[in-house]
Each structure stands twice: as C-alpha cells, then as structure tokens.
Number of protein chains: 2
Amino acid sequence: MNVQFKKGALELCVLGQLLNQDLYGYSLVERITRFIDISEGTVYPILRRLEKDGMVESYLKESTEGPARRYYRLNARGKEHFQSMLADWNELSQGVEDILKGVENEKK
Amino acid sequence: MNVQFKKGALELCVLGQLLNQDLYGYSLVERITRFIDISEGTVYPILRRLEKDGMVESYLKESTEGPARRYYRLNARGKEHFQSMLADWNELSQGVEDILKGVENEKK
DNA sequence: CGTACTACTATACAATATACTATACTGGTT
DNA sequence: AACCAGTATAGTATATTGTATAGTAGTACG
C-alpha cells in the first residue's frame with residue numbers, strides 16, 4: 001500500500017472510532033488493522049498529538065489481561081475536528097474521483 | 001483542506017491526466033485545480049520525480065503564448081504505476097469508508 | 001510597461017514506517 | 001516454586017517523503 005495515501009486518513013479513522021466510545025491505543029490498532037494496515041508506532045503518536053491539541057482526554061484503567069490501559073475520550077473540540085476532517089476527506093475523494101472520471105471513456 | 005490528505009493523491013491525479021494525452025506542467029495545474037487546490041510548486045516536483053523514476057518522458061514544444069512548454073508523456077512503466085496507485089487508492093478509500101461506516105448508526 | 005503564461009527551486013513542515021524499549025499478566029515446563 | 005515464552009499494552013527516536021509557501025526568471029502581448 002502506498003504509504004503517502006494514509007497521511008491524515010489514519011487520524012480520521014482514529015477519530016471515527018472514538019466518536020461513540022472510549023478506546024485504548026492497542027484496541028484502536030486492532031480495530032483499524034482489520035481494514036487498513038497500521039502499526040502501533042503510528043497510532044500512539046497520533047493519540048499523543050490529539051491529546052496535545054486538546055481533541056481528546058485520556059485516563060488509565062486497570063486490565064486483567066495486561067498492563068493498565070490508557071483510554072482516550074473524544075471531547076467537543078475533537079468531535080468538531082472529526083467533522084471538519086471528514087468533510088475534507090469527502091471533498092478530496094470526490095475530487096479525485098471527478099478528475100479520474102472519464103479517463104476510461106476517453107481511453108478507447 | 002487538510003494538507004496531509006493530498007499526499008500521494010496529487011500524483012495519482014497527475015498520472016490520471018497523462019494517461020490519454022501529453023500535457024505540460026502549467027496545464028496540469030489548471031486542470032487539477034478545477035477539482036483540488038494545487039499549486040505550481042507542488043506539480044513541478046511531482047513531474048520531476050516521475051521523470052527521475054522513469055514513469056514519464058518529457059519534451060519541449062514551442063508556444064505562441066509564452067515560453068516553450070515542457071510536455072510529459074506517460075510510458076509503459078508509468079501506466080503500470082498508475083494502475084497500482086489507483087488500486088491502492090481504491091483500497092484505502094474503501095477501508096476508510098468501512099471503518100467510518102456504522103458510526104452514524106451507533107450514534108443514537 | 002504590466003499582465004498572463006510557463007518553468008523551476010529552496011526551505012519548512014507534518015504524518016507515517018520502522019525498529020525498537022519496557023511493563024504486566026498467563027500458562028506451561030522443569 | 002522458579003522460570004520462560006507469549007500476548008497485551010504503552011511508548012519513543014529516527015528517517016523518509018510529499019506538499020505548501022514563497023519565491024526567481026523568461027516569453028509574448030496589449
């Protein structure tokens with residue numbers, strides 16, 4: 001998979017997952033990896049950045065299956081950010097589609 | 001528009017435009033800008049990179065409306081590259097869609 | 001002489017990949 | 001009981017790479 005395509009998209013996916021429930025980093029990796037190849041070393045920096053930028057808040061919770069989990073909760077600002085990113089994403093993917101549209105037609 | 005989303009996507013758009021006709025840098029900017037905001041300082045590096053990587057060949061052609069235009073022609077390798085990128089793009093955008101799907105449903 | 005057309009470059013910025021380190025618990029073997 | 005492998009979990013440093021910004025410069029035309 002072209003690496004560059006993922007730029008920004010992974011953050012959008014993380015935000016989308018947090019929209020309806022608090023999740024911890026490792027579970028985000030598991031969830032997203034079902035659809036897009038992503039590694040831990042990518043998710044944690046995203047979460048740190050989101051926290052630094054005031055989009056999410058985090059809290060620790062004990063686990064019976066390993067070390068304590070750090071859950072992330074999307075706050076109001078994060079939700080706005082998600083909506084804004086989603087709009088951009090839709091705009092871009094629509095733009096790409098429009099630009100490539102007709103290529104097949106003209107081809108023959 | 002989120003800058004990061006465009007990573008890679010602009011190259012895909014350039015390749016798509018060159019699939020059926022040779023074009024020069026400035027015209028690529030004009031064509032793509034109709035759908036996605038892109039500047040000259042972004043297009044020329046992409047073209048240089050594509051040429052360096054053996055995806056396109058270029059040639060000069062005089063113009064009556066300004067300096068000579070450098071046209072770019074997509075070669076066989078470039079066409080393969082486009083198909084490969086397009087597949088990746090479709091895979092990613094499908095992945096993002098799948099991940100975000102259901103978010104609205106769960107919401108209420 | 002100003003404006004549009006066209007090519008091109010240098011620098012900075014930002015997100016991801018890679019390749020780690022480190023800790024906690026579980027289950028099996030000795 | 002002690003050890004060890006494996007899984008779960010959090011985290012970091014460095015390199016790579018593509019785009020944005022802000023230019024320079026040259027040609028044609030009014």
Side-chain angles (χ1 to χ4, degrees), chain A residues 1-15 22-33 35-53 55-56 58-72 81 85 88-89 92 95-96, chain B residues 1-15 22-33 35-53 55-56 58-72 81 85 88-89 92 95-96:
Chain A
M1 161 70 73
N2 185 308
V3 172
Q4 302 301 324
F5 283 148
K6 296 183 190 169
K7 297 290 172 76
L10 297 181
E11 181 179 327
L12 178 65
C13 292
V14 167
L15 290 169
D22 297 359
L23 293 170
Y24 54 98
Y26 195 78
S27 69
L28 280 164
V29 176
E30 285 183 315
R31 284 163 155 262
I32 295 175
T33 295
F35 302 97
I36 297 172
D37 187 42
I38 192 176
S39 70
E40 297 167 28
T42 304
V43 169
Y44 290 111
I46 290 174
L47 290 169
R48 284 197 74 208
R49 196 167 65 237
L50 288 173
E51 188 161 29
K52 180 171 71 77
D53 295 343
M55 309 291 180
V56 302
S58 73
Y59 54 93
L60 284 173
K61 206 169 168 182
E62 285 173 33
S63 163
T64 57
E65 303 165 58
R69 299 163 170 168
R70 180 172 297 278
Y71 281 81
Y72 292 86
H81 181 55
M85 278 196 93
D88 282 354
W89 171 260
L92 179 76
V96 171
Chain B
M1 163 68 74
N2 185 309
V3 173
Q4 301 300 325
F5 282 149
K6 297 183 189 168
K7 298 290 171 78
L10 298 181
E11 180 179 329
L12 179 64
C13 292
V14 167
L15 291 169
D22 297 359
L23 292 169
Y24 53 97
Y26 195 78
S27 70
L28 280 164
V29 176
E30 287 183 315
R31 284 165 155 260
I32 295 175
T33 295
F35 302 96
I36 298 173
D37 187 43
I38 191 175
S39 68
E40 298 166 29
T42 305
V43 169
Y44 290 111
I46 290 175
L47 291 169
R48 284 196 74 208
R49 194 167 66 234
L50 288 173
E51 188 162 29
K52 180 170 71 72
D53 295 344
M55 308 291 181
V56 301
S58 73
Y59 55 93
L60 284 173
K61 207 169 169 181
E62 286 173 29
S63 163
T64 57
E65 303 166 58
R69 297 164 171 169
R70 179 173 296 280
Y71 282 81
Y72 292 86
H81 181 55
M85 278 196 91
D88 282 354
W89 170 260
L92 178 76
V96 171

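Letters A, B, ... are given to chains in the order of the sequence lines, protein chains preceding strands, and every chain is numbered from 1. Fair warning: this is a prediction, and the values are worked out from it, not measured in the lab.
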Measure the distance from CG on B:L47 to P on C:dC8 and round it to the nearest whole Å. 9 Å

Checking D:dT9, C:dA15, C:dA7 against the side chain of B:Q4 (C-beta onward), the nearest is C:dA15

Using the closest heavy atom to pick a nucleotide of DNA chain C for each, name whichever of A:L10 or A:P67 lands nearer the 5' end. A:L10

Look at the rings of A:Y71 and A:Y59 and say which category their plane angle falls in: under 30° parallel, 30 to 60° tilted, over 60° perpendicular. parallel

Which is true for B:G41 with a 4.0 Å heavy-atom rule: it touches a base, it touches only sugar-phosphate, or it touches nothing? base

B:R69 side chain reached by B:Y26 side chain, heavy atoms, under 4.5 Å: no

Here the distance between atom P of D:dG18 and atom CD1 of B:I36, to the nearest Å, is 17 Å

So, is A:K61 close to the D:dT9 phosphate, meaning a side-chain N or O under 4.0 Å from OP1 or OP2? no

Check every atom of D:dA10, D:dA20, C:dC5 against the side chain of A:R69 and return the nucleotide holding the closest atom. D:dA10

Relative to the 5' end of DNA chain D, which residue comes earlier, B:D37 or B:T64, by the nucleotide with the nearest heavy atom? B:D37

Roughly how many Å is it from CD in B:E62 to P in D:dT27, rounded to a whole number? 12 Å

Can you work out whether A:E40 or A:G66 has the more 5'-proximal nearest nucleotide on DNA chain C? A:E40

Measure the distance from CG on A:L50 to C1' on C:dT16 and round it to the nearest whole Å. 14 Å

Check whether any side-chain nitrogen or oxygen of B:R49 sits under 4.0 Å from OP1 or OP2 of D:dG18, and answer yes or no. yes

Atom CG of A:D53 to atom P of C:dA14: distance rounded to whole Å? 10 Å

Do any side-chain nitrogens or oxygens of A:R70 fall under 4.0 Å of OP1 or OP2 in D:dG11? yes

Winner on side-chain proximity to B:K7, out of D:dT19, C:dT18, D:dT9, is D:dT19

Of the options D:dT19, C:dT18, C:dC8, whose atoms approach the side-chain atoms of B:I46 most closely? D:dT19

So, OP1 or OP2 of C:dT9: does either fall under 4.0 Å of a side-chain N or O from B:R48? yes

Find out whether A:L12 and A:D88 are in side-chain contact, i.e. whether some heavy atom of one side chain is under 4.5 Å from a heavy atom of the other. no

Determine: side-chain N/O of A:Y44 to OP1/OP2 of D:dA10, distance under 4.0 Å, yes or no. yes

Could you state the atom-to-atom distance from OH of B:Y24 to P of C:dA7 in whole Å? 7 Å

Once you round it to whole Å, what is the distance between P of C:dT16 and CG of A:L28? 13 Å

Taken to the nearest whole Å, CD1/B:I38 to P/D:dT19 is 7 Å

Check: B:D37 and B:K6 side chains under 4.5 Å, non-hydrogen atoms: yes

Report yes if a side-chain nitrogen or oxygen of B:T42 is closer than 4.0 Å to either non-bridging phosphate oxygen (OP1 or OP2) of D:dA20; otherwise report no. yes

Above 12 or not: heavy atoms from other molecules or residues under 6.0 Å from CZ of A:R48? no

Flag the pair B:L28 / B:L47 as yes when at least one side-chain heavy-atom distance between them is below 4.5 Å, and no otherwise. yes

Would you say B:K6 places a side-chain N or O within less than 4.0 Å of OP1 or OP2 belonging to D:dA20? yes

